[in-house]
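Here is how names work: the chains are called A, B, and so on, in the same order as the sequence lines, proteins then strands, and each is numbered from 1.
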2 protein chains.
Amino acid sequence: MTAARQQHEEIAAYLRSAIHRKEFVPGDPLPSESELCERFTSSRGPVRQAMATLRTEGLITSGRGRRSTVLDDVPTQSFDGVISYSEWCRQSGFEPGQATQTVTRGPAWPALAASLDLDAGAPVVSVFRLRLLDGAPAMVERLNYPLDVGQHVLSFDTDSGSIYQRLIESGVDIHHATRTIDAIGADQDDADLLQVPVGTPLLRVRRRAFTRTGAPVEASDDRYLPGTASFTLTATRGNPSPLTMVSAREPEALHPGA
Amino acid sequence: MTAARQQHEEIAAYLRSAIHRKEFVPGDPLPSESELCERFTSSRGPVRQAMATLRTEGLITSGRGRRSTVLDDVPTQSFDGVISYSEWCRQSGFEPGQATQTVTRGPAWPALAASLDLDAGAPVVSVFRLRLLDGAPAMVERLNYPLDVGQHVLSFDTDSGSIYQRLIESGVDIHHATRTIDAIGADQDDADLLQVPVGTPLLRVRRRAFTRTGAPVEASDDRYLPGTASFTLTATRGNPSPLTMVSAREPEALHPGA
DNA sequence: CAGTGGTCTAGACCACTCA
DNA sequence: GAGTGGTCTAGACCACTGG
């Protein structure tokens, strides 16, 4: 929409939106670098930086001697959408909702303490919510925070919306996050909330979020009802995939008694 | 190990291997750009390109005014590892194995035809194998190819190893691939082969591979036993994630009768 | 305030694709 | 052979971090 500050961002934004507006569809050649240089009154540097961005997003492919072409037109996911279910819903055009089950302050059990780099028994704040998509049960969310972060959650109405927004407004520095994706059967809690039988396959996303200095700020476990969510990603020959498949390690329980 | 042709590749390879050798651990600052320029007798361009590569791999983070620092040290996944289970095993230090169930040539059912951009009923080659990890059942693999590609599979002993290798050697141009990840319960076939009850949660990876011109070469459905595999990825604020979570669409059946 | 990485320019040469 | 993107150089200015 509005012009980005940096030239390379402006160029990237233009190309991205042109692709999403179907101005270019998969297989189509993009304008050449020299054309883009002229159109944006820029040198090659910013143009190539914009192309590199789209390439890592999986939107385009390029190579010596041939025009860069459109690969795919999946929407790009912002960092906010990665961290926040509410934000993801909004970006995807759905209405997020939540039904808080419990908000607790208590000692960290060993697996959680390890995940948050705390000593076992250190105080943590845990949130257990059912999340809704357009009003229907979609996901069971278990969030855990060290106390210094969690204090901002304790003083928050967790039925009123995005905890992530709350944390940002409270000045918590959320800088990067690691997601681990696997499948797991619904336990009794999951089953009750999602209204499915125990053992129903769920897509589990465990997330650890960190500050810029590497201190953990969150450890979470989200379980999606089948049919609600899936993940997609495009890999291109010669560009190593940032998504790594790893042989599973021992499960990290992010709620007690598992 | 051996010097890469391009300076930026050489620099990236050096940094990557230094991180994996634990010479730098998460939180550590990397050498400054100017140091790297001297060490590799290079200008800033190649150094910055190498940094950008590592950044998209999720290995480092950087920002104005501060040194680039190590984020994580997950192994990077090559394109071969994305496409080929055998290759993934080798990279991960496991012994791949397979027990072919069926190799068939027959007409494409509608969903498969759509996935391969063929007309319904067009001839396709399908492979149905149990894959092993260090000798134990790990994954059920369903591969489907258009006939022109699949002919190279029909004349191949599918118990002898990697079909992917075979296709490459046959000159098939596999240029990029899209993966969709979700969870699904084991069907009767899955259950029999993996020796688990029907309905056991499995991690499903559906893959579509394409030539450089966008023609489909493969449509597959891999289902991993829980505990065998999971996916991880690091996202950083300001860098949009290439992994997109999408609301699920109708299931594409990649084997008949589903 | 010195040093860092982010951005940008203006040029150059090369490997490659495609008509 | 004209045009393309990939690589590289040598400079410049700026925003920001940290001691």
Side chain to side chain donor-acceptor pair (under 3.5 Å) between S230(A) and R206(B), intermediate numbers included: CA-CA 11 Å; S230(A) 59; R206(B) 283 172 293 176; 5.3 Å; no
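Applying the 4.0 Å criterion to OP1 and OP2 of dT4(C), one finds that R67(B) has a side-chain N or O inside that range.
R66(B) pairs by the side chain to side chain donor-acceptor pair (under 3.5 Å) definition with T61(B), not counting sequence neighbours. Residues passing the salt bridge (Lys or Arg N to Asp or Glu O under 4.0 Å) test with R166(A): none are found, sequence neighbours excluded. Shown here are the ring pair (Phe, Tyr, Trp, His ring centres under 6.0 Å) partners of Y145(B), two or more places apart in sequence or in another chain: there are none.
The main-chain N or O of S115(B) is found under 3.5 Å from a side-chain atom of R208(B) such that the two form a donor-acceptor pair.
In this structure, H176(A) and F210(A) have parallel ring planes: the angle between them is below the 30° cut-off, well short of the 60° mark.
For DNA chain C, the neighbouring residues in residues 42-54 of chain B, judged by any heavy atom under 4.0 Å, are R44(B), R48(B).
Looking only at atom types and distance, the side chain of Q165(A) has no donor-acceptor partner in the side chain of S86(A) under 3.5 Å away.
If you walk DNA chain D from 5' to 3' and mark each nucleotide with an atom closer than 4.0 Å to a heavy atom of chain B, the marks span dT7(D) to dT17(D).
Nearest-nucleotide mapping onto DNA chain C: of R212(B) and S32(B), the residue sitting toward the 5' end is S32(B).
Sorted by first and then second residue, the ring-ring contact (aromatic ring centres under 6.0 Å, His included) pairs involving residues 9-57 of chain A (not counting sequence neighbours) are Y14(A)-F40(A).
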